Amino acid sequence: MTAVAVYVHIPFCPSKCGYCDFNSYAMTGEIVERTARAIAQEIRQSPWRGRPAKTIFFGGGTPTYLSESQLIPIIEAVLETHPPTADCEFTSEANPGTVDMPKFAAMRRAGVNRISLGAQSFARQDLIRLGRVHQAPEIVRAVGVAREAGFDEINLDLMFGLPGQSMAGWERNLEIALSLGPTHLSLYGLTIEPNTRYYKLHLRGMLDLPTEDVHVAMYDRAMDAAEAAGLQQYEISNFARPGSQCQHNLAYWRGEEYLGYGPGAVGCFQEDGRRHRYTVLKHPERYCQAIEQGTGLWFDEEWLDEDDLRLEELMLGLRLNEGLSPTIALAERGLKKVLDRGWVEQMDNRLRLTRSGRHFCSEVAAELA
Amino acid sequence: MDQSHIRNFCIIAHIDHGKSTLADRLIERCGAIRGTAQEQMLDSMDIERERGITIKMAAVRLIYKAQNGETYQLNLIDTPGHVDFTYEVSRALAACEGALLVVDASQGVEAQTIANAGMAMNQNLEIIPVINKIDLPHADIDRAREEIEAAVAIDATDAIPCSAKSGIGIDEILEAVVHRVPPPAGDPEAPLRALIYDSHFDSYQGAIAYVRVKDGSVKKGDKIVMMSTEAKFDVDTTGHFGPGMTVNEGLGCGEVGFITAAMKSIGDAQVGDTVTKMPDLATEALPGYRKALSMVFCGLYPSDGDQYEDLRDAIDKLRLNDAALQFEPETSAALGFGFRCGFLGLLHMEIAKERLEREFGLDLILTAPSVDYQITWKGGKVEHISNPTDFPQPHELDLIEEPIVEASIMVPNEYVGAVMTLCQERRGVYTRTEYPTPQRVILHYTLPLGEILLDFFDKLKSNTRGYASFDYELAGYQPSDLVKVDILLNGDAVDALSFIVHRDFAYNRGRAMVEQLRKVVPRQQYEVRVQAALGAKIIAADSIKPFRKNVIAKCYGGDVSRKRKLLEKQKEGKKRMKQIGSVELPQEAFLSVLRVAE
């Protein structure tokens with residue numbers, strides 16, 4: 001059996017941030033305990049039991065919102081159900097403010113070997129506006145504790161284009177983040193998603209967002225700063241030291257299979273010559289009921305046809321610096337247009353975005369589709 | 001069946017007053033249909049049912065056993081309810097001896113009720129007033145009765161109260177049809193004269209003529225002659241609608257039914273024409289025939305230039321079925337090859353576009369609708385122009401005339417001011433007021449057709465809280481100070497966006513058009529300047545700022561399907577864009593003119 005990427009979703013956070021449209025809930029008490037037990041049970045009952053894991057990723061939500069005694073059994077369930085390959089990358093997301101030495105140490109002992117910290121910003125105002133529960137000193141402390149606990153691979157998430165954020169503020173964030181010496185950086189431009197509090201505020205003109213020009217300049221600055229610090233860009237929003245790219249996320253972007261467990265997790269697998277994608281029940285309550293009563297867990301399942309797969313390959317492949325596979329079919333007229341505009345280039349027989357093209361990734365995908 | 005037991009009648013009503021539902025009940029009561037759950041049986045095209053309007057007429061033969069013990073053949077002829085199809089209504093009426101005039105018990109008489117009733121009276125039909133929807137809370141039967149008497153000037157003492165929805169009064173209506181509508185006159189021994197009151201195209205049988213036999217009779221094998229074209233055909237079948245097409249032995253004097261005769265196109269069976277047969281040809285055609293007249297013109301282009309031939313085939317086929325549709329090839333600098341099409345009205349235009357897209361899988365761009373202008377060139381040559389592109393330079397012409405209509409607007413007293421204001425804004429000239437009822441008046445205006453085409457009716461409705469009703473007829477041409485406004489994108493005029501407007505409105509419409517384009521044209525990689533020009537003079541300008549980014553920051557396993565669907569949509573959107581010079585325009589841009597008439 002070929003090794004596969006495994007994702008586990010922990011759907012809880014201490015509070016729900018204004019920009020967040022992920023499947024996360026600010027819940028406490030018994031439901032958290034029940035859900036943690038249900039996730040472990042779901043994994044142990046997996047139809048793919050025995051299939052080795054080449055990467056494991058705990059995301060959320062906030063995996064570290066769970067207590068040690070809730071989290072460790074889930075880790076054990078994964079490792080027993082999907083024996084890790086020798087070089088298996090095992091990431092857990094963590095939020096500064098929900099971690100301490102004992103928890104990090106226990107996670108490391110259990111097998112986690114990479115930590116992704118949702119820092120987002122080091123500026124007090126940014127963090128308050130975003131609705132984060134932590135402040136800058138806690139980020140710095142979390143990085144230190146993670147190192148001490150034995151994590152060599154550390155990622156920091158940062159966001160730009162935030163309400164009230166200036167270019168100078170963004171530069172300062174980059175500087176502090178790089179000074180902490182992470183092996184990996186995820187730098188995201190803020191996107192206003194529907195069904196978020198930010199969306200409502202934005203519609204009423206109450207978000208003081210930087211102009212499009214400033215947003216674009218912030219992204220340019222991010223690419224420059226990361227590169228200068230030895231973190232190479234390998235995807236639209238991701239930068240890493242050589243050898244430290246996130247193998248799990250690369251599996252998504254390269255269109256490989258991945259299995260998903262936990263409320264709202266998405267999986268994608270090959271069966272009977274077809275590609276399937278499923279979504280697990282999203283709400284913790286309904287998820288727990290389904291596990292406890294042994295009823296259907298997937299609320300959505302689709303079969304991907306040739307066209308779907310081609311569009312996904314195009315859309316995801318363009319995100320990567322390695323570019324598109326040479327075999328993919330492209331719209332001729334669109335290709336000419338994006339080449340003329342200098343948004344794409346040929347590199348080792350693969351088509352990829354140029355630096356200026358990275359600002360127009362979606363536009364390029366639509367032209368080539 | 002002998003003539004004394006035949007009754008031919010139709011239902012006339014204002015839109016939404018319940019005509020189709022009443023027809024359904026009559027059909028059900030006579031058992032013409034058993035076990036069909038499909039409501040509104042006369043409307044057989046999908047679009048008709050969706051829009052709740054009758055476009056093509058049908059006729060149903062009902063066999064009714066009356067209370068006097070006799071059995072009658074009742075032919076119910078449906079009529080279109082929309083003002084675009086007035087001519088077809090008049091032909092349907094000509095096929096009848098009686099009409100049910102349906103009035104909504106809570107709405108009362110409306111402009112269309114009066115117009116259609118007037119038409120029915122001109123054809124000497126026996127009119128039976130029916131007051132519908134009497135079970136609704138706001139029903140006021142007495143008031144409806146008074147209004148009918150005052151506005152339509154017919155005796156409404158015997159008006160039949162009914163509720164088509166709940167089946168109240170249906171028997172009374174059928175008895176009234178038997179006893180009040182006269183049997184058809186006409187001479188069974190005379191040479192055949194049959195009026196074509198409608199037709200439709202069938203891919204296997206060719207054009208099918210819906211006829212009312214006025215004199216003589218017709219059966220399979222007869223050699224028929226169309227009196228307007230003198231074209232000859234051999235009758236394959238005759239039949240009636242029950243309501244499906246049912247072949248029969250022949251159509252006798254006074255009967256209503258259909259004829260098939262391997263007629264290759266709908267043009268062979270033109271509405272209003274008279275059918276006669278060899279060897280005893282009728283000498284005089286039935287009155288009232290005229291060719292369908294186009295009132296609205298627009299350009300139809302495929303969004304994908306490669307589909308030009310497909311569009312031609314599709315229009316050809318649609319025309320087999322829709323004699324009122326006129327078209328000729330034209331080219332546009334912006335849109336390439338397409339067709340200039342003439343329609344009865346805006347509704348007809350929209351329906352034709354929808355049918356072309358739906359039934360033939362095409363993706364179309366419509367240019368701004370225009371009316372037909374009469375131009376007198378210097379030197380005296382007179383020409384008709386319906387395409388703004390062909391509009392002459394001021395120094396080349398002597399006179400421009402535009403089509404005008406006589407409009408009647410029925411409205412409650414309190415909205416008279418609002419209606420007059422609207423009519424004045426649309427260059428209307430007041431002619432007179434009628435006072436058919438104490439609560440409502442009829443305002444008569446002469447209005448330019450071009451001013452009522454676009455959103456006049458919507459505005460009228462919204463300015464009167466929906467109480468106004470409206471009817472009009474064409475009333476020739478009048479001289480007018482009209483100018484062409486050009487729209488420029490990055491300095492280049494886009495012919496498909498030009499429009500013709502009265503000089504006094506040029507600035508406002510130009511500005512509104514620029515504003516509208518700024519809204520519907522998506523941002524491009526370069527700045528796009530949008531300008532409106534009157535001759536060489538720029539009268540309005542704005543610009544669309546370029547977009548600087550279009551990128552999704554995050555995309556992980558859980559987002560892929562959703563983001564892919566977004567990409568599919570963008571891809572579709574791109575396909576529907578038309579490249580004009582360096583600018584990409586969405587389809588909506590070409591209809592912007594429709595949205596700016598204020």
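Since the structure is predicted, the reported quantities are computational estimates derived from the model, not experimental observations. In what follows, chains carry the letters A, B, and so on, assigned in the order in which the sequence lines appear, proteins first and then strands, with residues in each chain numbered from 1.
- With respect to B:Glu357 and B:Lys353, a salt bridge is recorded, a charged nitrogen being found less than 4.0 Å from a carboxylate O.
- The aromatic ring centroids of A:His9 and A:Tyr287 lie 6.0 Å or more from each other.
- In this structure, no portion of A:Leu187 lies under 4.5 Å from any heavy atom of chain B.
- For chain B, the option among A:Trp253, A:Phe22, A:Tyr7 with the highest count of heavy-atom pairs below 4.5 Å is A:Trp253.
- Using a 4.5 Å cut-off between heavy atoms, A:Tyr258 contacts chain B through its side chain alone, with no backbone atom that close.
- Side-chain atoms of B:Asp495 and B:Thr389 include no donor-acceptor pair closer than 3.5 Å.
- Rounded to the nearest 0.5 angstrom, A:Asn173 CG and A:Ser121 OG are separated by 3.5 Å.
- Contact of A:Leu311 with chain B is made through backbone and side chain together, with heavy-atom distances under 4.5 Å.
- With a 4.5 Å cut-off on non-hydrogen atoms, B:Leu567 touches chain A through its side chain but not through its backbone.
- Relative orientation of the B:Tyr308 and B:Phe337 rings is tilted, given thresholds of 30° and 60° on the angle between their planes.
- Ring orientation note: the planes of A:His283 and A:Tyr25 are nearly perpendicular, at an angle over 60° on the 30°/60° scale.
- Considering only heavy-atom pairs separated by less than 4.5 Å from chain A, the leading option among B:Arg548, B:Lys565, B:Lys571 is B:Arg548.
- For B:Glu572, no part lies under 4.5 angstrom from a heavy atom of chain A.
- Contacts between A:Asn238 and chain B at a heavy-atom distance below 4.5 Å involve the side chain alone, from C-beta outward.
- Heavy atoms of A:Tyr219 lying under 4.5 Å from chain B are absent altogether.
- Using the six-membered ring where Trp is involved, A:Tyr278 and A:Trp48 have ring planes that are parallel, under 30° apart on the 30 and 60° scheme.
- Under the side chain to side chain donor-acceptor pair (under 3.5 Å) rule, A:Glu367 has a single partner from A:Arg333, A:Lys336, A:Lys337, which is A:Lys337.
- For A:Asp213, the parts sitting under 4.5 Å from any heavy atom of chain B are the backbone and the side chain alike.
- Looking at A:Asp21, only its side chain comes within 4.5 Å of chain B, counting heavy atoms on both sides.
- Here A:His184 and A:Tyr234 bring their ring centres to under 6.0 angstrom of each other.
- The aromatic rings of A:Phe160 and A:Trp170 sit tilted, their planes meeting at an angle between 30° and 60°.
- For B:Lys574, the part lying under 4.5 angstrom from a heavy atom of chain A is the side chain only.
- Residue A:Leu368 does not touch chain B at all, counting heavy-atom pairs closer than 4.5 Å.
- With a threshold of 4.5 angstrom between heavy atoms, A:Glu193 approaches chain B through side-chain atoms but not through N, CA, C or O.
- Here A:Val266 is the residue among A:Val266, A:Leu316, A:Leu314 with the most heavy-atom pairs under 4.5 Å with chain B.
- Looking at A:Arg358, only its backbone comes within 4.5 Å of chain B, counting heavy atoms on both sides.
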